[in-house]
Amino acid sequence: MVEQINPAPRLLMGPGPINADPRVLRAMSAQLLGQFDPQFREYMTETAELYRGVFQTKNRWTLLIDGTARSAIEAALASLIEPGDKVLVPIFGRFGHLKVEIAQRCGAEVAAVETEWGTVFGAEALEREIKKHRPRLVAVSHGDTSTTMAQPLAELGKLCRAHDALLYVDATATLGGMELPVDAWQLDVVSAGLQKCLAGPSGSAPLTLNERAEKRIARRKHVEAGLKKPGEKDGDGPVIRSNYFDLAMIMDYWSESALNHHTEATSMLYAARECARILLQEGLPQAFKRHAAASRALCAGLEAMGLKLFGEPKHKMANVTGVHIPAGIDGEKVRRALLEDFSIEIGTSFGPLHGRVWRIGTMGYNARKDAVLTTLAALEAVLSQQKHRLPRGAAVDAALAAYRTP
Ligand SMILES: Cc1ncc(COP(=O)(O)O)c(C=O)c1O
């Protein structure tokens, strides 16, 4: 027999997952309920209401997709895209490419436009692309953890409305850590995951959609044969090509009619509910401030060590930082030593940044002063061990000074 699991006490300072808040883990250990138990349905209703607060929306359809963040991206795109639809995807990192791939699998005619990794799009550039391609849907990331950049979105919703396009936003990496007022910014569909700023495990993906999106989805509504009432009619739009990710069905499941679809992932719903409760108890403005302060202190510490930050500073995410691996240093050897000697995980990079940039997360439960200071002290020690010359002690001093500066 193998041993009981006994995970090492890691400090997860990569781009996600991060350590879950212990309150979330406690909520997950609660006993299961049947999915139609009135108490469980009440938990679902409460969870939807809590996420309306997190997304800053009044959207009726605010729910969870059972799966990692990618499952909600797939649910949104599979349900919004009809075969042959024109979809515009602005790419500023790996997760833009992911949306292109999913949209293509949904039968879209994709117009992809890419900017150099480490930069984002200006509003004029996006307007130009929208006018050129006249898409039915624009699908974009808010923060792309692969480049640590955040795309400004305050103007994009209005722009999409003016050109009769829907806007889908992947806020997996920013929800709870950066300002994202869904209604004020006129974002039609937004989704996320728990394992970043929401301080939970991966495996549940909050999603919200407004009436504009509902209208497009409702005409594709199609009730499973075994659940259909006599005489019940389907919508006249093309059937959504995925059953598991059919938002029309999932909306029915979350509605008062509670029409059966999947078996809700009970423990993940407990987790998602607790993540939102923790965040709203702290207050969104305070949580955004905490993330910004941790990021500022981390950056100050890295720069005091003589390291160079990656990407446009103005568009940096508040919760993940890219840092250039210094010349002559083996990035993987440093990550290994951090893990083996200090039990700290930081991230490597993908694609064009692989081997050039480390990514350090300061998010959710780990957007804390002690986590930032410990990571800086450990990184300084490891770099020093590997014969990289740096001013000893400067990183922690600079981070502490940044924390003292309002
Ligand atoms: C912006 C963004 N989108 C999507 C994902 C995919 O999330 P998941 O691995 O939970 O499916 C990630 C994960 O890092 C991400 O950062």
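Note that these values count all heavy atoms, side chains included, but never hydrogens, waters or copies made by symmetry. For clarity, every value in this text was computed on a predicted model and none was experimentally measured. Counting convention: from 1, in listed order, for ligands and their atoms alike.
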Looking at every heavy atom in both Leu187 and Leu180, which two are closest together, and how far apart are they?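 Heavy atoms of Leu187 and Leu180 come nearest at CD1-CD1, 3.9 Å.
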
Counting only heavy atoms and a distance below 4.0 Å, can you name the residues contacting ligand 1?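 Residues near ligand 1: Thr68, Ala69, Arg70, Ile73, Phe95, Gly143, Thr145, Asp170, Thr172, Ala173, Gln195, Lys196.
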
So, does Thr57 use its side chain to make a donor-acceptor pair with the main chain of Asn59 at under 3.5 Å?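 Checking the backbone N and O of Asn59 against the side chain of Thr57, a donor-acceptor pair under 3.5 Å is found.
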
Would a distance-only check, ignoring hydrogens and angles, find a side-chain to backbone donor-acceptor pair under 3.5 Å from Thr119 to Thr115?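 Between the backbone of Thr115 and the side chain of Thr119 there is no qualifying donor-acceptor contact (under 3.5 Å).
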
Test: Arg41 cationic atom under 6.0 Å from Tyr253 six-membered ring centre, within 45° of axis: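 Yes, Arg41 lies over the aromatic ring of Tyr253.
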
Non-hydrogen side-chain atoms of Arg134 and Asp164 separated by less than 4.5 Å: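 No, their side chains stay 4.5 Å or more apart.
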
Trp117 and His97 aromatic ring geometry - parallel, tilted or perpendicular at 30°/60° bounds: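 Ring orientation, 0 to 90° scale: tilted.
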
